[in-house]
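Below, chains carry the letters A, B, ... as their sequence lines are ordered, and counting in each starts from 1.
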Amino acid sequence: MKTELRVHNSLSGEKEVFKPIHEGHVGMYVCGPTVYSDVHLGNCRTFVSFDVIFRYLMHLGYKVRYVRNITDVGHLEGDADTDAEDKISKKARLEKLEPMEVVQYYANGFHKVMQQYNALSPSIEPRATGHIIEQIEMVQSILDNGYAYVENGSVYFDTAKLISTQKGVYGQLSGRKPEELLAETRENLKKQDEKHSPIDFAIWIKADPSHLMRWNSPWSVGFPGWHLECSAMSTKYLGKTFDIHGGGFDLKFPHHENEIAQSHGACSCSPAHYWLHANMLMLNGKKMSKSDGNTINPEQLLTGDSPHISKGYSPMVVRFFMLQSHYRSTLDMTDEALLAAEKGYRRMMEAYATLQGMQHPGGGVAGALDQEIKDLIDSVYDEMNDDFNTPRALARMFELVSKINALKGGQLSFGDLLPETLAQLKQSFQSFLFDVLGLKDESEAAGGDKELLDGLMQLIIEMRKEARERKDWGTSDMIRDALKELHLQLKDGKEGTSWSKE
RNA sequence: GGUCGGGUGGCCGAGUGGCUAGGCAGAGGUCUGCAAAACCUCGUACGGCGGUUCGAAUCCGCUCCCGACCUCCA
């Protein structure tokens with residue numbers, strides 16, 4: 001591990017050396033879901049990506065405060081700022097539920113799926129409705145600084161003013177030119193008569209009488225704008241300026257751009273040093289879309305109940321599949337690709353099991369093999385340091401898998417390997433797979449009574465061995481075939497027979 | 001239409017101005033009673049057309065296609 005951590009910063013468009021504000025500590029904010037429906041699989045990819053980033057930062061020894069919000073108010077239909085219904089409010093009205101019932105239900109579902117994918121809980125998971133006061137205070141600061149105006153009980157951010165007074169701020173993240181933004185958006189936005197300019201956006205919205213969620217404020221009974229919650233909550237828990245702000249690519253504009261604007265309006269400060277964006281998940285070469293049926297949810301993926309897949313895939317297979325691509329690239333999910341990921345995942349896990357069971361016979365010299373293995377271990381970390389390049393890191397891991405299997409099969413010799421190196425390999429392999437990548441050995445987890453199964457299998461293997469010594473191939477093959485029916489595979493090797501679940 | 005990002009071998013996916021990841025599938029071989037597993041070897045890919053260069057899939061221009069955001073979709 002000789003390299004420094006470098007991350008791709010969306011703000012500069014370049015990879016930069018990562019330097020936290022406070023040495024040894026990292027503050028990271030990731031935009032979480034709006035809980036008005038079942039969690040989108042694409043969202044899962046984003047959160048798995050940031051889960052690995054969170055894990056890797058901790059693995060490097062940082063104390064990380066990871067804040068991921070839950071949006072439970074303010075996100076309007078169509079992401080408009082006004083004259084549209086709040087997503088949660090609408091759901092509550094349609095289902096005749098309290099808005100908080102809607103929120104609780106889908107937040108529970110979201111947590112369940114995240115748990116299935118073995119994503120760690122964030123350090124803090126704040127909700128927008130729990131931070132109304134902070135949001136009102138922030139609106140007030142922005143007003144005090146002259147970067148917002150009140151119209152008919154609603155408060156709007158004065159984007160045009162920010163553009164003219166703080167040059168180069170608005171549009172930097174999304175690569176948009178302020179002049180064009182000001183010019184282009186004139187026509188199709190009619191109902192926005194309260195706004196001075198089409199690119200202004202609401203930070204406090206006066207609630208019409210039918211609106212279910214409403215709070216008192218100095219300006220009206222209403223609710224906060226969508227972008228504001230993230231600014232208020234990140235400031236509260238991470239400070240005005242913190243290290244990493246993450247989210248899906250689709251949030252770059254306007255959401256993240258507006259967050260930056262709000263911070264500049266409230267304190268003339270920029271919220272985050274590094275902006276990280278996770279790219280989209282596609283299905284069969286196209287974006288997922290409910291309207292044309294090109295979509296699949298986490299539940300269907302698990303059960304296989306979908307025309308897009310031939311069978312169900314376990315969460316760890318899906319996680320592994322996601323990690324085989326880089327978080328900044330789009331990822332195309334196909335049945336064939338999932339099948340390939342499933343096999344790769346199992347190969348990796350079986351090599352892990354093989355490795356842990358390995359005993360060095362003692363002796364050994366630090367030959368070429370010894371060096372090769374050490375270099376591979378180092379390169380895994382080098383790849384991760386290069387903007388969390390999980391696919392390359394996994395590629396190096398698979399090269400280690402070949403070494404492990406060859407040591408077991410006798411194609412490589414322990415004589416060329418020091419016992420310390422084997423110990424180091426065991427340790428690194430395990431911590432990388434489980435702590436950093438966040439994978440789990442599912443065969444073990446599902447097994448339940450592992451000791452019993454192990455014992456039974458040893459007995460069966462022993463009986464089959466005796467049959468084979470008698471050249472009783474009928475019995476031997478019968479045992480093998482029967483186990484195969486139970487999805488248990490026997491592997492006859494030089495050192496005897498082992499087994500694994502399929 | 002505007003802005004931005006892509007198009008890599010059968011599939012998924014890294015990556016890079018020359019030393020050509022990895023997984024899966026396929027072919028051949030080793031091992032094996034047979035098979036599986038494992039190991040070894042192989043296919044020489046970078047949308048199309050030009051250009052820059054000793055050399056480009058990697059840089060530039062044009063073109064076709066796909067995607068994201070700008071307008072409901074994470």
For A:Tyr170 and B:C70, give me the distance from atom OH to atom P, rounded to whole Å.
11 Å

When you match A:Gln489 and A:Trp473 each to their closest nucleotide on RNA chain B, which lands nearer the 5' end?
A:Trp473

Whole-angstrom distance between B:C46 and B:C11, as gauged at atom P:
13 Å

Regarding A:Phe249, tell me which of base, sugar-phosphate or nothing describes its non-hydrogen contacts under 4.0 Å with the strands shown.
nothing

Across the strands shown, which category fits A:Leu490 at heavy-atom distances under 4.0 angstrom: base, sugar-phosphate, nothing?
base

Could you tell me how far apart A:Leu11 (CG) and B:C4 (C1') are, to the nearest whole angstrom?
15 Å

Under a 3.5 Å threshold, yes or no: a donor from one side chain and an acceptor from the other, between A:His255 and A:Glu259?
yes

Between A:Gln458 and A:Asp454, a side-chain donor and acceptor under 3.5 Å
no

Mind checking side chain to side chain contact (heavy atoms under 4.5 Å, CB included) for A:Thr497 and listing every partner two or more places apart, or none if nothing turns up?
A:Ile461, A:Arg464, A:Arg468, A:Leu490, A:Asp492

Just jot down the side chain to side chain contact (heavy atoms under 4.5 Å, CB included) partners of A:Lys15, sequence neighbours excluded, or say none.
A:Arg6, A:His8, A:Asp386, A:Asp387

Please give the distance between the C1' atoms of B:C66 and B:C34 as a whole number of Å.
49 Å

Using the C1' atoms only, state how far B:U3 lies from B:U44, rounded to an integer number of Å.
38 Å

A:Phe157 vs A:Tyr170, ring-ring contact (aromatic ring centres under 6.0 Å, His included): CA-CA, chis, key distance, verdict
CA-CA 12 Å; A:Phe157 190 88; A:Tyr170 201 78; 7.9 Å; no

Taking atom P in both B:C54 and B:C40, what distance in whole Å separates the two?
41 Å

Sequence neighbours excluded, the answer for ring-ring contact (aromatic ring centres under 6.0 Å, His included) partners of A:Phe434 is A:Tyr352

Taking CH2 from A:Trp226 and P from B:A74, how many angstroms apart are they, rounded to a whole number?
11 Å

Report the distance from atom NZ of A:Lys252 to atom C1' of B:A74, rounded to the nearest whole Å.
15 Å

Any side-chain N or O of A:Thr34 less than 4.0 Å from the OP1 or OP2 oxygen of B:A74?
no

When we call it a touch if two heavy atoms are under 4.0 Å apart, what does A:Phe47 touch: a base, just sugar-phosphate, or nothing?
nothing

Base, backbone or nothing for each nucleotide of nucleotides 22-31 of chain B, written B, S, -, heavy atoms under 4.0 angstrom, 5' to 3'?
SBSS-----S

Looking at B:U3, I'd like to know if its phosphate oxygens (OP1 or OP2) sit under 4.0 Å from a side-chain N or O belonging to A:Lys177.
no

Residue pair A:Ser231 / A:Gln262, side-chain donor-acceptor N/O under 3.5 Å:
yes

Would you kindly give the CG-to-C1' distance between A:Asn405 and B:A37, to the nearest whole Å?
9 Å

What interatomic distance, in whole Å, is found between P of B:U8 and the corresponding atom of B:C4?
22 Å

Which part of the nucleic acid, if any, lies within reach of A:Leu281 when heavy atoms closer than 4.0 Å are counted: base, sugar-phosphate only, or nothing?
base

Under 3.5 Å, is there an N or O donor on one side and an acceptor on the other linking the side chain of A:Ser476 and the base of B:G33?
yes

Show each protein N/O and nucleotides 44-48 of chain B N/O combination with a separation under 3.5 Å, one pair to a line.
none

Side-chain contact check for A:Arg468: nearest option of B:A21, B:U32, B:C69 is B:U32

Contacts of type ring-ring contact (aromatic ring centres under 6.0 Å, His included), residue A:Tyr66, not counting sequence neighbours:
A:Phe54

Grab the CG-P distance between A:Asp38 and B:C73 for me, whole Å please.
17 Å

Looking only at side-chain N and O atoms, does A:Tyr327 come under 4.0 Å of OP1 or OP2 in B:G13?
no

Using both pair distances under 3.5 Å as the test, note the stems of at least 3 consecutive Watson-Crick or G-U pairs that include RNA chain B.
B:1-7 with B:64-70, B:10-12 with B:22-24, B:26-30 with B:38-42, B:47-51 with B:59-63

Would you say A:Asn389 reaches B:A14's phosphate, i.e. side-chain N/O to OP1/OP2 under 4.0 Å?
no

NA contact type, A:Ser325, heavy-atom cut-off 4.0 Å: base, sugar-phosphate, or nothing?
sugar-phosphate

Check: A:Leu437 main-chain N/O paired with A:Arg319 side-chain donor or acceptor under 3.5 Å:
yes

On the ring face of A:Phe253, is A:Arg176 found with NZ or CZ under 6.0 Å from the centre and within 45° of the axis?
yes

Have a look at A:Ser500 and say if it touches a base, only the backbone sugar-phosphate, or nothing, with a 4.0 Å heavy-atom cut-off.
nothing

For the side chain of A:Pro254, starting at C-beta, report the closest nucleotide among B:C70, B:G67, B:A38.
B:C70

For A:Ser379, the side-chain hydrogen bond (donor to acceptor under 3.5 Å, both in side chains) test, sequence neighbours excluded, returns none

B:G9 and B:G47, which share atom name C1', separated by this distance in whole Å
14 Å

Under 3.5 Å, is there any donor-acceptor pair linking the side chain of A:Asp492 to the base of B:A35?
yes

Spell out yes or no: do the side chain of A:Asp477 and the base of B:G33 have one donor N/O and one acceptor N/O closer than 3.5 Å?
yes

Counting any heavy atom closer than 4.0 Å, what does A:Gly175 reach on the DNA or RNA strands: base, sugar-phosphate only, or nothing?
sugar-phosphate

A:Arg480 (side chain) and B:A36 (base): donor-acceptor pair under 3.5 Å:
no

Nearest-Å distance, NZ (A:Lys403) to P (B:C40)?
7 Å

B:A36 and B:C19, which share atom name C1', separated by this distance in whole Å
38 Å

Whole-angstrom distance between B:C60 and B:C72, as gauged at atom C1'
39 Å

Using heavy atoms to find the nearest nucleotide of RNA chain B for A:Arg328 and A:Lys491 separately, return the residue whose nucleotide is more 5′.
A:Arg328

Under the side chain to side chain contact (heavy atoms under 4.5 Å, CB included) test, residues paired with A:Met358 that sit two or more places apart
A:Thr354, A:Leu355, A:Ile404, A:Leu407, A:Lys408, A:Phe414, A:Leu422, A:Lys426

Ignoring the backbone of A:Asp250, work out which of B:A74, B:C34, B:A14 is nearest its side chain.
B:A74

Atom pairs and distances, side-chain donor-acceptor, residues 277-284 of chain A, under 3.5 Å, sequence neighbours left out:
| residue | atom | partner | partner atom | Å |
| --- | --- | --- | --- | --- |
| A:His277 | ND1 | A:Ser10 | OG | 2.7 |
| A:His277 | NE2 | A:His256 | ND1 | 2.8 |
| A:Asn284 | ND2 | A:His308 | ND1 | 3.4 |

Sequence neighbours excluded and cut-off under 3.5 Å, please list the side-chain donor-acceptor pairs for residues 29-44 of chain A, or say none.
| residue | atom | partner | partner atom | Å |
| --- | --- | --- | --- | --- |
| A:Tyr29 | OH | A:Asn69 | OD1 | 3.1 |
| A:Thr34 | OG1 | A:His75 | ND1 | 2.7 |
| A:His40 | ND1 | A:Gly42 | N | 2.8 |

In chain order, what residues pass the side chain to side chain contact (heavy atoms under 4.5 Å, CB included) check against A:Gln489, with sequence neighbours excluded?
A:Lys484, A:Lys491, A:Ser500, A:Glu502

